[in-house]
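First the structure, then my questions, so here it is.
Basis for what follows: all heavy atoms, side chains included, without hydrogens, waters or symmetry-related copies. Read the numbers this way: they start at 1 and go in the same order the structure lists the ligands and their atoms.
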Amino acid sequence: MSKTGESGAELDLFDSHAHLDFESFASDLEAVLARARGAGVHQITTIGVGRGTEGAFEAVAQAASRSGIWATVGVHPHEAVLGLDWSGDASAEPSSELQKDWDEAWARAEARLSSLALHPRVVAIGEVGLDFHYDHSPRALQRQLFRRFVRMARRIDKPLVIHAREAEDEVAAILREEQAQQCGGVIHCFSGDEGLGEVGLSLGFFFGLTGVITFKKAQKLRDVVAALPLDRLVIETDSPYLAPVPYRGKRNEPAYVAEVARTLARIKGISAEEAARVTTANARRLYRLDEREAIQGQLAYRYGDALYLNVTNRCTLACRFCLKLEGSDVLGVELGLLEEPGSGELLRAAEAELSRGRFDEVVFCGLGEPLLRPDVVAEVGRALKAKGLRVRVNTDGLGELVSGRALLDELVDSVDAFSVSLNAADGQAYARLCPSQYGADAFDGVCSFIRRAVERYGEVTATVVGHTNVDADAARRLAESMGASFRVR
Ligand SMILES: [Zn+2]
């Protein structure tokens with residue numbers, strides 16, 4: 001595959017829509033990404049849908065650990081039932097009784113996704129919309145979910161990635177009714193539908209072009225594209241689906257977006273370099289990357305006598321009191337991380353701070369959960385402990401449940417003490433305050449983490465947040481019964 005246009009200049013491409021967390025990339029993702037870079041694809045947006053709300057967590061993890069990869073968070077209309085964790089009668093007609101159940105189901109789904117959606121690497125909400133071709137989820141439920149996501153996108157001010165199949169009129173109507181021009185977005189895999197095209201243009205949306213424009217039978221779509229303004233077009237692969245000619249029928253991958261650029265160039269009568277350059281600039285505008293890239297979080301900072309280390313912005317909880325909900329700076333320190341630091345980088349940042357003054361202890365903290373990166377905590381903690389520093393980890397206590405690893409055994413040479421967010425006095429209150437995909441297992445996981453940490457490390461503090469209406473006395477009794485000390489934070 002050549003990475004140059006006719007003139008021999010290198011293409012600079014942006015695959016604005018791929019599903020990198022899908023099973024078909026599980027065994028060779030690094031090779032796929034290397035081929036993409038080789039083809040000039042320097043930026044990719046991976047779409048965090050799939051397996052209900054779980055795919056979103058995987059997509060954000062993939063983006064947070066790599067440069068040039070951005071993520072979205074949403075629930076595909078096919079998976080409305082799974083995403084809402086819907087156990088009621090899915091085909092029932094809307095009613096006031098059902099509306100209450102829908103509201104509750106959405107509140108749970110939103111709780112799982114909302115703190116993730118605020119991650120600095122998350123550039124959009126999607127793909128969301130309606131799919132009446134397959135009807136994998138009942139239409140009433142799809143409609144409910146779609147409207148809620150449009151409102152969510154407006155509230156957190158991130159653009160929408162729209163999926164519309166055999167439901168274009170209704171998608172257009174909902175976008176209008178819900179005032180989607182306030183957040184903007186892209187009509188992904190645009191089919192050429194006239195009505196949706198008009199509404200998309202008037203609401204300021206972009207149009208995503210896939211390998212379909214290279215198909216022999218797609219002349220009608222090419223005619224529509226010829227009439228669309230170039231500054232509203234982005235290109236995408238929708239990998240692993242929709243491979244362009246000459247790869248049609250094979251697994252699609254981001255490198256092949258070059259073929260979409262070449263076909264667009266022919267449609268518009270411009271060079272492939274120009275098509276690549278313009279669509280890359282458009283995708284950056286769509287996903288507001290200038291704004292995102294301006295975030296420069298600090299890796300190490302002083303708070304009191306402690307040196308705090310910022311490991312990740314990712315988290316599997318969506319606590320109602322989470323500071324992230326108010327922005328990525330805490331106590332005047334910007335903590336938004338576009339890229340998660342490696343051990344070496346974190347250690348250098350720590351050493352720079354240590355050279356400036358005395359510290360009583362080092363605390364792994366940050367806007368996310370440090371034990372989502374246990375290997376970095378182990379390596380950096382070990383190195384700092386070797387310098388005679390006391391090392392503490394502030395954690396939600398779910399690390400072992402999430403990783404399936406005995407982290408408390410792994411960290412004995414790296415960590416002296418833990419502060420664990422107990423957050424509540426019982427499982428029900430915890431699940432209300434800190435929704436997660438682990439449901440009722442989460443609180444049991446936190447308690448067993450505290451007990452085992454007390455056994456292994458001795459110094460464990462269980463904490464609750466002061467301004468929530470938790471029963472602090474009951475939480476204190478529970479903490480002390482497990483051998484931990486207690487603090488209201
Ligand atoms: Zn897609």
*Asp238, N/O/S atom nearest the Zn ion (ligand 1)*: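 Atom name returned: OD1.
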_Please name the atom of Glu127, limited to N, O or S, that comes nearest to the Zn ion (ligand 1)._
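Checking each N, O and S atom of Glu127, the shortest distance to the Zn ion (ligand 1) belongs to OE2.
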_So if I apply the side chain to side chain contact (heavy atoms under 4.5 Å, CB included) rule between His119 and each of Leu338, Leu337, Leu367, Asn313, which one comes out positive?_
Asn313
*asked:* When you measure from the side chain of Asp131 to the backbone of Pro77, do you find a donor-acceptor pair of N or O atoms at a distance under 3.5 Å?
replied: no
*Confirm or rule out an N/O/S atom of His76, from backbone or side chain, lying less than 2.8 Å from the Zn ion (ligand 1).*
no
_Electrostatic pair Arg405-Asp375, nearest N-O below 4.0 angstrom_ =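 Salt bridge between Arg405 and Asp375, a charged N being under 4.0 Å from a carboxylate O: yes.
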*Would Lys268 and Glu274 pass as an ion pair if we require N to O under 4.0 Å?*
no
*Tell me whether His19 has at least one N, O or S atom under 2.8 Å from the Zn ion (ligand 1).*
yes
